[in-house]
Amino acid sequence: MRLMQHKREAFWFYRYLSNFYDKLVNPLFWTESMREKALDVVDWSDGENLRVVDVGSGTGFTTQGIVRRVPATNVVCVDQSPQQMERAMVKADLERCRFRLGDAENLPFEDDTFDRYVSAGSIEYWPDPQRGINEAYRVIKEGGQALIIGPIEPVNPISKFIANTWMLFPPENDYHLYFHNAGFTGVDWTYVRPHWQQNERYGIAIVGTKPAPGTSPNAEGRRSRQALVPAEPEGGWLGRNLLLTGRVLLGSAAGFLFIPMALLAHASAPLRGVEGDIQPLNKEQKLVLGLVGGAITLLLLLTRRR
């Protein structure tokens, strides 16, 4: 169903998620060690002179890793959510970055503008991922690199169902096809995972090099092809907005299920023998974990009484 793989639905989802994104989401699913490992796939030599665009920059967590490698004045952050962007703009290390509201599939830049393109945790919401990768190719210079970081479709049937209800979790091979079709060469990749996740192929960081200036050789043919999901649902104003509301509510419910699941996996990681540096829970995570534990205890007590 991929209820959040639509721009309007993602906009409303992040309007509210931004309130606790840095407290509950990033510390569980996109940690600092994951970020550093992913960014290290890129060549950051001559960082002082590199111009970088961070697409789907959100609250700026990935951008904070980028500005460790290049000057903040060389970085442009692009996101469609003003709420997410506002939270990034007040972070001290990002104050000198530039911020633009924009669409990953229609970037507001000329061809051959940047030396590096980075997008982390954004491809999941693109109705047409191939078009987004073609745009990554277009806006970087010849010899420039584009890095995409995203989740891989889960193996566990329950997680797979919830993930595909929520948004796009591409199979690993799709990432390679997107880069190949766009025209990138020298494609390299690494896998990333939080410490509580047993599956080594939880997420992928994949990078490619642009071999020639101009647009992607795939771009022209892509215009006549259909996206994975429609950009706008059909029907009248009332029908479209009812569908939007339903998608946001159901998609948010599916997405939020991952938080207690991840917290329980985090708490049980040592018992399951999962190797990795244990990241301590913050107070917000402890509160949610306590509520989940209380709910499970109450459910067990009610079941026994029956």
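Numbering starts at 1 and runs along the sequence shown.
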Legend entry - Within-4.5 Å side-chain heavy-atom neighbours: I204 and E172: yes

Pair [X], [Y]: side-chain N/O donor-acceptor within cut-off below 3.5 Å:
X: D43; Y: Q145; value: no
X: T63; Y: D54; value: yes
X: N134; Y: N218; value: yes
X: W30; Y: T62; value: yes
X: D103; Y: Q80; value: no

Inset, instruction - I would like to know whether D112 and K210 meet salt bridge (charged side-chain N to carboxylate O under 4.0 Å, His left out); could you show each step before the answer? - result: CA-CA 10 Å; D112 309 300; K210 181 174 179 174; 2.8 Å; yes

Legend entry - Spacing of OG belonging to S119 relative to CD1 belonging to I133, to within rounding of 0.5 Å: 7.5 Å

Legend entry - Inter-residue atom distance F169.CZ - E153.CD, 0.5 Å rounding: 9.5 Å

Inset, instruction - Among V52, L107, V76, N74, find the one that has a side chain to side chain contact (heavy atoms under 4.5 Å, CB included) with F114. - result: V76

Inset, instruction - Check V67, T73, I66 against V70 for a side chain to side chain contact (heavy atoms under 4.5 Å, CB included) and give me the one that passes. - result: I66

Inset, instruction - Specify whether F179 and F184 have parallel, tilted or perpendicular ring planes, treating 30° as the upper limit for parallel and 60° as the lower limit for perpendicular. - result: tilted

Legend entry - Smallest separation among heavy atoms of D174 and P170, with atom names: CB-CB, 4.2 Å

Would you call [X] and [Y] a salt bridge, using N to O less than 4.0 angstrom?
X: E32; Y: K37; value: no
X: E110; Y: K141; value: no
X: R138; Y: D111; value: yes

